Amino acid sequence: MLVIPCPYCGPRPELEFRYGGEAHIARPEDPSTLDDEAWGAFLYLRSNPKGLHAERWRHIHGCARYFNVVRDTISDTILASYKVGEAKPDMDALARILAGGPRAAAGEEKSK
Amino acid sequence: MSGAYRLPSGGRINRQKPISFTFDGKKYQGFEGDTLASALIANGVLLAGRSFKYHRPRGILSAGADEPNALVGVGRDQAHYTPNVRMTMQELYDGLVAESQNRWPSLMFDVGAINDMLSPFFPAGFYYKTFMWPRKAWDAFYEPKIRSMAGLGKAPTEADADRYSQRYAHCDVLVIGGGPAGLAAALAAAESGARVMLADDQPEFGGSLLAETEATIDGKSAIDWVAEMVAALKARANVTLLSRTQAFGYYPHNSIGLSERLTDHLANPPAHLPRERFWTVHAGEVVIAAGSLERPMVFPENDRPGVMLADSARIYVNRYGVKPGKRAVVFTAHDGAYRAALDLKKAGIEIAAIADLRHHPEGPLVEAAKAAGIDVLPGTSVTGTAGRLRVKSATLARIGADGSAMDERQVECDLVLMSGGITPSVHLFSQSKGKLRFDEHLKAYVPGRPAERERSAGACRGLYALSAVIADGFAQGEGAAKSAGFGGVTARTFAVAGTLESDPGSFLGAAPHGRDASRVKAFVDFQNDVTAKDIRLATREGFRSIEHVKRYTTTGMATDQGKTSNMNALGIVSEALERDIPEIGLTTFRPPYTPVSFGAFAGASRGDLFDPVRTTPIHGWAAEQGAAFEDVGIWKRAHYFPKAGEDMHAAVERECKAVRDSVGIFDASTLGKIEVVGKDAATFMNRIYTNAWTKLEPGRLRYGVMLREDGFVMDDGVVGRMADDRFHVTTTTGGAPRVLAHMEDYLQTEWADLEVWLTSTTEEWAVIAVQGPNARKVIEPLVEGIDLSPEAMPHMSVAVGKICGVPTRLFRVSFTGELGFEINVPADYGRAVWEAVFAAGKAYDITPYGTETMHVLRAEKGYIIVGQETDGTAVPDDVGLGWAVGKAKKDFVGKRSIVRDEFQKPDRKQMVGLLTDVPAEVLEEGAQIVADPKQPAPMTVLGQVTSSYMSSVLGHSIALAMVKGGRARLGETLYVPMPGRAIPVKVVEPIFFDKEGVRLNG
Amino acid sequence: MVETAIRTGALDALSARAPAIAAASLRTCPPASRFNFRGRPEAFGPAGEAFGVALPQTACRAASESGRHALWLGPDEWLLIAGDGEAAEIAAKMESALAGLPHSLVEVSHRNTALEIEGSHAADVINSGCPLDLSAKAFPVGMCTRTIFHKAEIVLWRIAENRFRLEVWRSFAAYVWAQLEEARREYGA
């Protein structure tokens, strides 16, 4: 079971959360201005990367807030967690931390 | 007395506590502290079962969790029966009943052993090759036959009467394995102040030290040292010790599955105790100190009862005080077996010879064996064994440089001990997705780069010398604590003496034997009956990947997951393909490490507690009235209220008539409810629903439709405006959580600027629907402060007041087409108000009705049910809800999608009504609809029946359906093909009763 | 005149049959007035003042004052608990104090049922179905949160070292109660 860091409540067990799909896909300000192709892309096209993925989670059985995390889809390591509206973190910097191993990713023993 | 093979002294058994048990109906005695295996060995019994495929007699091979052969069924009755219990793990208790498996009629004489004679016809891949033809025979003959022959134990015939518990736990450092490394690691971590858990699969901690008689640690015997360590750990409040607990799975983010056996060792388990506890442990850091497994030697007839792993034999002697035999031949390529030979000799077992594959074995252990007078035969192999149900002799031969066998001779013995070397238990490390690395000298995979916050310690990472193991354990425990944020551990050394250093070199693969390889069976995987020949055959047939060889031969795929077989299989493939082991790769280790009972996984979630059963405040009343209930999601809803002698049809007909003629009462409490409150409530409603809300006045209701962003109908419900800034939203019963999450999603992530908030009030209100021409007359006397007159309270209005003296939000609304009210009262008052309304309605013969009648009544009116008429691909217009879409609104969720051209096409499936020619013919819901029933299959399908009922008020069956271009087909005759016939149906408007809606006004 | 309807609690029948187990005793809490309060920060102060308990601003913490309790459930959400029968007065007072301020006050007195579990094994019993770390360090006295207990959502609040209050939606109460009974059985020897 994953331990997911909620930006409001701290690290909590996965059972309390609901997955919310890829993050940073904003609903268009005025959907009527989009042609079918652009609207279809908004509805359905997602990046599905092997590696770091910015994604939405909701702490539904906790503070009930939606928020974003960056998770490595290979190892499930979570490298960042931030509130809705905050900027997407520097993914390259996170990739470097990930390469440092599980303890570096957990933010401990960074020097070792 | 407990058996002729019991040593007069020694071992960790309690000789003051004799224990009786039965195996295959025969009574035996053992001692407290025995396993079923050690107690049977004490009685001279080694024959434990028949093998899976060839039904060959098999004996006890090991002394631990890796046992592949000695599997038995244990239990006093079928409700307490466990098949495939490893004898080596089953602690003895008084009255234990065990039976052997996979034999008929008896273990001594088994008809299935004919398979062994026929074995030339059962090569690897036999099933794949043989049962291909004729195709028809597969279902009729092969499959049932194979099924009846397959498997080892028998599943119990009764439901498991035991209870199982689960527990979530957290710690800073979890140590897996309570041997020398694990104990030292736990102590180091504990001294740091970290919260420590230590789990070990045995009843007592100590691991390999429980069988250690020579070594001393800090001047104490190994066993005294263990006792001191355990006492020190027990004394600490920050340590949780779990014995009889197998760590079976390593899952992401350091979550570890543990299975603790609480009562399997007890003769009379107390009723209050669960049988097992399933732990989900979240650990900051994990230390794996899982030890190692001994590898068998692969040689002809190496599966005969009496062939045993050398170190296991040593454990039986030293830990259990039993002799596995009287005269042993030892076959090894590894120093460890010498230690076993020496200990066995000391216990009075004659060592006929040590056959060592190595041509120049040397070192202190070899010297010690020679000094003890043991005949050490270098460059020698065991090339076969003889005996029927037990080894009587072994054939030894010198092996030349070319692998040929010379100077064969038979040596009488009742025990053959084998040891190919040590395999570190890297299973959990590998499950954690850590990368393994092959160590050429150890001939073993050892942990490489970890993927989790984990460390391996001791033998499971290839350290074998006791001093190194303990030191490593302490260091890793300290390191783990430090990584978890704890420090201050005083450095400590442990002085180990009395052990002879051994060379960890070893052998992988099949031993040379010089015999006709096509005629001998040298077993690699004992549990799945896979031989060296099978594996070589697979490589000859073109299998190269070890993953494919594994699946083709089934090696390593039995319940023991190849603990004793995987490395030897790799060695054979490596030799056959002439490629190095690391090039061959390694099969994936998957949880569970050892079998875990279904009961443990289920825990308390079975029977009545499998899922929550949600009931309404009025449920008790309905149950007392004898209502039949149906499951709607996890809600129990009254389905209908049968009177004596009535079936569902009769009850529903009566209930429908009552509502149409006088008045009915219905429990609508399960409807989802959401309170939408705030200055921007109407703006929010405008965006989330298709309808326009701005002009809805407080005190009025509106039917709302909600779409997903892709334009498809998601939910619907009646919404009341309680105040300018407050809406009382209702949703479908099943849709409530989904709708709230959908709303919260938009509110939190897209429209955070809106001043509006959502609160689920589903369970705040009990909802009592009173429907029918007399509805007003029934409730009028109970209501205070609300003018119920049609003028003051027209259809689709809401008022706040009191009913039966308690607060109510009274809705004038109808899902039946009749004059109706929905009385919302605080839930705890629900039952009392219901009973009061029911009493007041007696004068009008008020009739309680259930969900079936509700469905008939709404279908007569053509009201849709989201999820029944809609299936996630219907836009509002498809189901006749185009009128509910606010055309003037610039945007709402789903708007951009429903204006797409695709959704304007006239041939979309549209909701229509269907009438059969024969009034009593009720169509099947889900049945398909075609234009021409005579067309050849596959037919062109126009749509499907979505709702279908007998309408007693109309005297005719009615149906709703989704039909391509349905609204243009009114009046057409279509067909519903059924087996053997086609039912003609007339397409009509989807409203069957009171088309003008006059009855709504009472 | 109509008789005033009487209350029927979700656990009335079950709680009467609960065996006495000192290591994990289980009981229902009396009916209470409850509100779900949500809003913008400018409303937090006046809301707390009108309710009589300052709304805790620290995540997952509860505050109490004279028998009234405010439980932080989310950054803009509190569960307010007061004595039975006080709801109308509280609503009136708070709405008047909050007039013009962005907020939502919704009564949920009957939505929740509350129960308490107390004893040396109370945390173990809860951990039979709740995945949280309930050590005193990770979940100190005064901490509260929504979470999961088996397949039901609960609000868990540590009132004292060995005493927890569980707020659960009415229709899930019997299930939660039965799971607690099942888990505490082993401490009843």
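Note that this is a predicted model, so its numbers are computed, not measured. Throughout, a chain's letter reflects where its sequence line sits, starting with A, and its residues are numbered from 1.
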ask   = How about C:N36 and B:W757: does a side-chain donor come under 3.5 Å of a side-chain acceptor?
value =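 Distance-only check fails for C:N36 and B:W757.
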Pair C:S128, B:Q166: side-chain N/O donor-acceptor within cut-off below 3.5 Å: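 No - no donor-acceptor pair under 3.5 Å links their side chains.
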Using a cut-off of under 4.5 Å on heavy-atom pairs, state which of [options] scores highest against chain B.
options                        : answer
C:D76, C:V108, C:L134          : C:V108
C:R40, C:H150, C:H103          : C:R40
C:A173, C:A138, C:S109, C:A152 : C:S109

Quiz item: Taking the six-membered ring where the residue is Trp, are the ring centres of C:Y187 and B:H272 under 6.0 Å apart?
Solution: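 Ring-ring flag for C:Y187/B:H272: false, centres at least 6.0 Å apart.
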Please classify the contact between [X] and chain C as side chain, backbone, both or neither, with a heavy-atom cut-off of under 4.5 Å.
X      : result
B:L262 : neither
B:T615 : backbone
B:P270 : neither

Problem set entry | Approximate separation, where rounding is to 0.5 Å, of B:R195 CZ and C:K137 NZ |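 So the CZ of B:R195 and the NZ of C:K137 are separated by 7.0 Å.
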- prompt: Which pair of non-hydrogen atoms, one from C:A10 and one from B:D828, has the smallest distance, and what is that distance?
  reply: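 So the minimum-distance heavy-atom pair works out to N-OD1, 4.4 Å.
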Review point. Can you tell which of B:W765, B:F278, B:F610, B:W279 has the highest number of heavy-atom pairs within less than 4.5 Å of chain C?
Key: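 Most heavy-atom pairs within the cutoff with chain C belong to B:F610.
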